[in-house]
Amino acid sequence: MRLGTQRVNAQGRLEIGGCDALTLAETFGTPLYVLDEDALRARCREYAAAFAALKPDVEIAYAAKAALNRALCQIIAEEGLGLDVASGGELSTALQAGFPPERIHLHGVYKTDAELQLALEAGVGAIVLDNFEEIARLQRLLTREAPVLIRVAPEVDADTHPLIRTGQRDSKFGFHLLNGDATRAVEQVLSDSRLRLQGFHCHIGSQISDLRAFAAAAHAMVAFADAVRQQYGYTAPLLNIGGGLAVRYTPDDPEVSVPDYAATLVNALRDACQRHEYPEPALGIEPGRSLIAEAGVTLYRVGAVKQVPHENPRLPREYLIIDGGVSDNPRPQMYGARYTAVHASRAAEPHTRPYRIMGKHCETDPVIDCALLPETRAGDVLAVLTTGAYAYSMSSQYNRYPRPAMVAVRGGVTRLIVERETYADVMRMDR
Ligand code: LLP
C-alpha cells in the first residue's frame with residue numbers, strides 16, 4: 001500500500017500532508033474525506049514519466065468518475081492530464097472549473113441529446129461513440145465537424161469483480177466484434193465526413209492487477225484496427241485502452257506498479273503493430289482509481305464499542321460503530337471491497353486487536369470486516385485508507401445523512417474543497 005505523505009508524528013498520531021489527522025477531525029468534523037494533494041500530484045507525474053520514458057505520444061486522461069469536483073479538475077488540469085467524463089454532470093463540473101475542453105472526452109453507454117449537445121457546444125476533444133442510436137442522434141445534432149472515437153467491446157475477460165468487468169463478450173458497453181457491429185459502426189462513421197474518426201477505444205474493467213489482460217486488450221484492438229484498415233483503408237491515429245489498473249487496499253492485495261503497467265501496454269501495442277505491420281498509433285489511457293485512490297483517506301469517529309456473541313467465528317466479536325458507512329462509501333457493501341484502518345491518535349502503537357467496523361446506517365454495513373487496531377474506545381478517530389476513488393463519487397444521502405466535507409491537505413496547510421452538506425441541503429429539492 002502506498003501511503004503518500006502519511007506518517008506518524010512526534011505525538012504518535014497520524015499525519016497526512018503535514019496535518020494532524022485528529023486536528024483535521026476536530027476542525028472539519030467527521031466523517032471527513034481527506035485528499036493528500038501531494039500524493040495525487042506525485043501519482044500524476046509518476047504516470048506521465050512512466051509512459052513518456054517509453055513512448056512520446058501517450059495521452060493520459062483522468063477518469064473523472066473516480067472522484068470529481070472543481071478543485072480536483074484544477075489539480076488534474078495543472079498536472080497536464082486530460083479528463084474522461086461520463087456524464088453531463090461531470091462535463092459541466094469540468095467546464096465550470098475551466099478545464100480545457102479540447103482535453104476532455106465524453107463517454108457513456110447512453111448519452112442524452114442534452115449531453116451530446118453540451119459536449120458539441122463546449123468543443124470537447126472527442127465523443128466516444130457507444131451504439132448505433134447514438135451515432136444517428138449525434139448526426140442529427142451536428143452543425144459542424146466533431147471528433148469521435150468508436151468504443152469496442154474487445155472480448156477480453158479481465159479477472160476482477162463481475163460488476164466492474166466491461167470488456168467481455170456480454171458487456172453492455174461499446175460495439176461488439178463478433179456480431180460485426182464494430183465494423184458496421186466504422187462504416188457508418190466513415191461515411192459521414194463531419195464525423196472525424198480519431199481511432200478506437202476499449203475499457204476492459206476496473207481493479208485489474210493481472211497486467212496480461214491489458215496486453216490482451218492492446219492486441220485485440222490492433223487486430224481490429226488492422227481488419228478495418230484492410231476493409232476500408234482507414235488507419236487509426238489513436239488507440240485508447242481505457243483505465244482499470246488496480247491499487248492495494250490491504251497488505252494482502254498484489255503489488256501493481258505503474259512502470260510495469262506502462263511497459264506491458266506499450267510493448268503489447270508495439271508487438272501487435274509489428275505483427276500486423278500496422279503503423280504504431282498514439283496510445284490513450286484513462287486511469288481513475290490508480291491515480292486517486294491512494295491519495296484519499298476517510299476519517300470517522302467511533303460512537304460505540306459492542307461485544308457481540310459469535311455467529312461467524314471468522315469475524316471479530318468486538319464491533320466499532322462509526323459515524324459513517326454505506327452512504328459515504330458503498331464499496332464494501334456493493335463489491336465486498338476490503339480496506340485498511342489506522343487509529344489516528346494511537347498510530348504508533350501495534351495494530352493487532354481485531355475489530356469489525358460497522359457503519360451507522362439502518363442495515364448491516366460493515367466498513368471493514370476485520371480491522372486490526374490498538375485498543376479503541378468511543379470517541380476515538382479512525383482513518384480508513386485508500387478511499388480516494390469511488391467513495392465520495394458514489395456517496396448518497398441514505399438515511400438522509402448529509403454528505404461529508406472534503407479537505408485537501410498539503411505541506412501543513414488545509415483547504416476545504418467540498419463543504420459538508422447540511423440538513424437544509426438534504427431537503428433542498430423537496431417540494
Ligand atoms: N474509462 C472508462 C470508460 C471507464 O468506464 C472507467 C471506469 C475508467 C476509464 C476508469 O477505470 P479505473 O482506472 O478507475 O479502474 N465503482 C467501481 C468502479 C467502476 C469503474 C467504472 N469505469 C468501484 O468502486 O470499484
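Worth saying up front: this structure is predicted, and the values here are computed from it rather than measured. Whatever order the structure lists them in is the order used to number ligands and atoms, beginning at 1. Residue numbers start at 1 and run along the sequence shown.
Note that Lys360 lies in the cation-pi zone of Tyr401, set by a 6.0 Å cut-off to the ring centre and a 45° limit from the axis. Cation-pi contact between Arg400 and Tyr398: absent, since separation from the ring centre below 6.0 Å together with deviation from the ring axis within 45° is not met.
Here the OH-CG distance, from Tyr62 to Leu40, works out to 7.0 Å after rounding to the nearest 0.5 Å.
When the salt bridge (Lys or Arg N to Asp or Glu O under 4.0 Å) test is applied to Arg331, no partner is found at least two apart in sequence or on another chain. With sequence neighbours left out, Asp323 forms a salt bridge (Lys or Arg N to Asp or Glu O under 4.0 Å) with no residue at all.
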Sequence neighbours excluded and cut-off under 3.5 Å, please list the side-chain donor-acceptor pairs for residues 177-187, or say none.
unit_1 : atom_1 : unit_2 : atom_2 : d
Asn179 : OD1    : Asp181 : N      : 3.0
Asn179 : ND2    : Asp181 : OD2    : 3.2
Asp181 : OD1    : Arg184 : NH2    : 2.8
Arg184 : NH2    : Asn179 : O      : 2.9
Glu187 : OE1    : Tyr232 : OH     : 2.5

Could you go through ligand 1 and note, for every N or O atom, any protein N or O atom closer than 3.5 angstrom, writing the atom names and distance to 0.1 Å, or 'none'?
unit_1   : atom_1 : unit_2 : atom_2 : d
ligand 1 : 1 (N)  : Asp84  : OD2    : 3.3
ligand 1 : 1 (N)  : Glu286 : OE1    : 2.6
ligand 1 : 5 (O)  : Lys65  : NZ     : 3.1
ligand 1 : 13 (O) : Gly244 : N      : 2.9
ligand 1 : 13 (O) : Gly288 : N      : 2.8
ligand 1 : 14 (O) : Arg289 : N      : 2.7
ligand 1 : 14 (O) : Tyr390 : OH     : 2.6
ligand 1 : 15 (O) : Ser206 : OG     : 2.4
ligand 1 : 15 (O) : Gly244 : N      : 3.3
ligand 1 : 16 (N) : Tyr335 : OH     : 2.9
ligand 1 : 24 (O) : Arg331 : NE     : 2.5
ligand 1 : 25 (O) : Arg289 : NH1    : 3.4
ligand 1 : 25 (O) : Arg289 : NH2    : 2.8
ligand 1 : 25 (O) : Arg331 : NE     : 3.3
ligand 1 : 25 (O) : Arg331 : NH2    : 3.0

